[in-house]
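Read the structure below first, then the notes.
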Amino acid sequence: MDADSLFFSLDAVAGSGNTLSPEQRAALQSSLLVLRRSYKFRRVLFWGKVLGLKQDYFIAQGRGEDELRDRKYLYSLNCIDWFLLPPATDSTVAQVSGAARGQFVGDPSFVYERVESPRMSEDEAAQVKVAARNKVNEETRLSVTVHQIDQDVSVVPRGAFIRNHHGLVHVNRSFAGLSESEAKKLDSFLHLSEAKNPKNPKPRSVLQNGELNPAMDFLDVLSDDVPKGSWSLQFESAGRVCILRSLLWLGLTFYHLPGTPQHGYVYIGDGTKHLDLPFML
């Protein structure tokens, strides 16, 4: 959600229960603007809130020249003081998947530890090595979780972003919004993340390929997501607002006002993936 239209965006998704207190809104409205100037971001967005047992993490996303690749994430515990999250890498993803379990605590320095005994009896050094490999702090876990959610369920309307001849992704200033009929189709929404299989895209018919625009159709389409049925598309506020909810990451809500450029998404949840979804569809 763009910081410049935060209040309006939060009201648009309030039907999902994804809302903040008036005090939190006011603090975010001012602190996100300061954040943009301090880090020289081109845009700052309120990404969402990850719920913890002691405290909640408020997440902001700063974007640079390239809207797709030039991103930084920051977290706050009070909506005022912000700290950079470390980048998520393959090694940190493996560490988190091997050690972190349960709900977030709300303490960035909290260490998750999962000690696994070796299958065969070995010396103490081997056990220490296993224990060290399965330690990770909550700040790293938060970074990995935010990265995974963005990769899996970040949403934008088709045409809202374009890729120029230099390969940079920018906001499409001429985007006037989807029509009401387009907003009723899952094909009209894309993931704002790196294409999962850019070299071998899903086969399409001749008619579909003829309608593709290379400047806009470089992102994955939501209708291709696996498992099928992992999105709920509805119209709310007397049919004026298109709402998409992820059933894979419960708490991710996207909104779009057809006929206008207004759109955005926010995540407010406990940071756990609904792994049982394929068996429930």
Side-chain angles (χ1 to χ4, degrees), residues 1-2 5-20 45-51 59 61 63 67-68 71 145-162 169 171-172 175-196 202 216-278 280-281:
M1 290 181 169
D2 198 306
S5 57
L6 181 61
F7 281 23
F8 175 83
S9 299
L10 287 171
D11 288 341
V13 300
S16 302
N18 295 339
T19 188
L20 303 176
L45 295 86
F46 175 60
W47 186 90
K49 181 171 73 169
V50 178
L51 307 177
I59 311 297
Q61 183 188 80
R63 296 184 182 176
E67 292 271 341
L68 188 60
R71 300 179 182 179
T145 299
V146 170
H147 171 75
Q148 289 176 332
I149 294 174
D150 245 9
Q151 287 294 309
D152 289 347
V153 291
S154 59
V155 187
V156 293
R158 179 179 181 269
F161 291 84
I162 55 175
V169 178
V171 174
N172 184 2
F175 177 66
L178 301 174
S179 66
E180 188 172 337
S181 59
E182 289 174 330
K184 293 179 180 178
K185 303 174 184 177
L186 211 54
D187 288 341
S188 300
F189 300 97
L190 313 171
H191 287 289
L192 190 61
S193 58
E194 295 283 356
K196 294 181 179 178
K202 184 179 179 180
M216 294 190 295
D217 298 305
F218 57 93
L219 301 171
D220 290 329
V221 183
L222 261 62
S223 57
D224 291 343
D225 283 7
V226 178
K228 295 291 184 181
S230 61
W231 290 97
S232 168
L233 193 158
Q234 299 172 328
F235 277 79
E236 297 181 357
S237 300
R240 294 183 295 109
V241 183
C242 173
I243 297 290
L244 273 166
R245 296 183 178 91
S246 173
L247 305 181
L248 188 63
W249 289 95
L250 297 174
L252 190 287
T253 306
F254 164 87
Y255 85 93
H256 174 53
L257 271 66
T260 77
Q262 290 289 342
H263 67 88
Y265 67 88
V266 67
Y267 177 81
I268 300 181
D270 60 7
T272 57
K273 193 173 184 178
H274 190 192
L275 298 176
D276 293 333
L277 180 63
M280 300 174 67
L281 296 174

Return the set of residues passing side chain to side chain contact (heavy atoms under 4.5 Å, CB included) with [X] (not counting sequence neighbours), or none when no residue passes.
X	answer
Leu45	Arg43, Gln61, Arg63
Lys185	Ser188
His147	Ala88, Gln151
Gln262	Ser5, Phe8, Tyr255, Leu257, Thr260

According to side-chain hydrogen bond (donor to acceptor under 3.5 Å, both in side chains), who are the partners of Ser179, at least two apart in sequence or on a separate chain? Ser181, Glu182
Taking the side chain as everything from C-beta on, heavy atoms only, tell me whether [X] gets closer than 4.5 Å to [Y].
X	Y	result
Asp2	Ser9	no
Arg158	Phe189	no
Leu233	Ile243	no
Val146	Trp47	yes

Could you grab the distance from atom CG of Leu186 to atom NZ of Lys228, nearest 0.5 Å is fine?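 Here the interatomic distance stands at 8.5 Å.
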In terms of side-chain geometry, is the basic nitrogen of Asp152 or Lys273 positioned less than 4.0 Å from the acidic oxygen of its partner?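 So Asp152 pairs with Lys273 through a salt bridge.
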Checking Asp225 now: which residues fulfil salt bridge (Lys or Arg N to Asp or Glu O under 4.0 Å) with it, not counting sequence neighbours? none
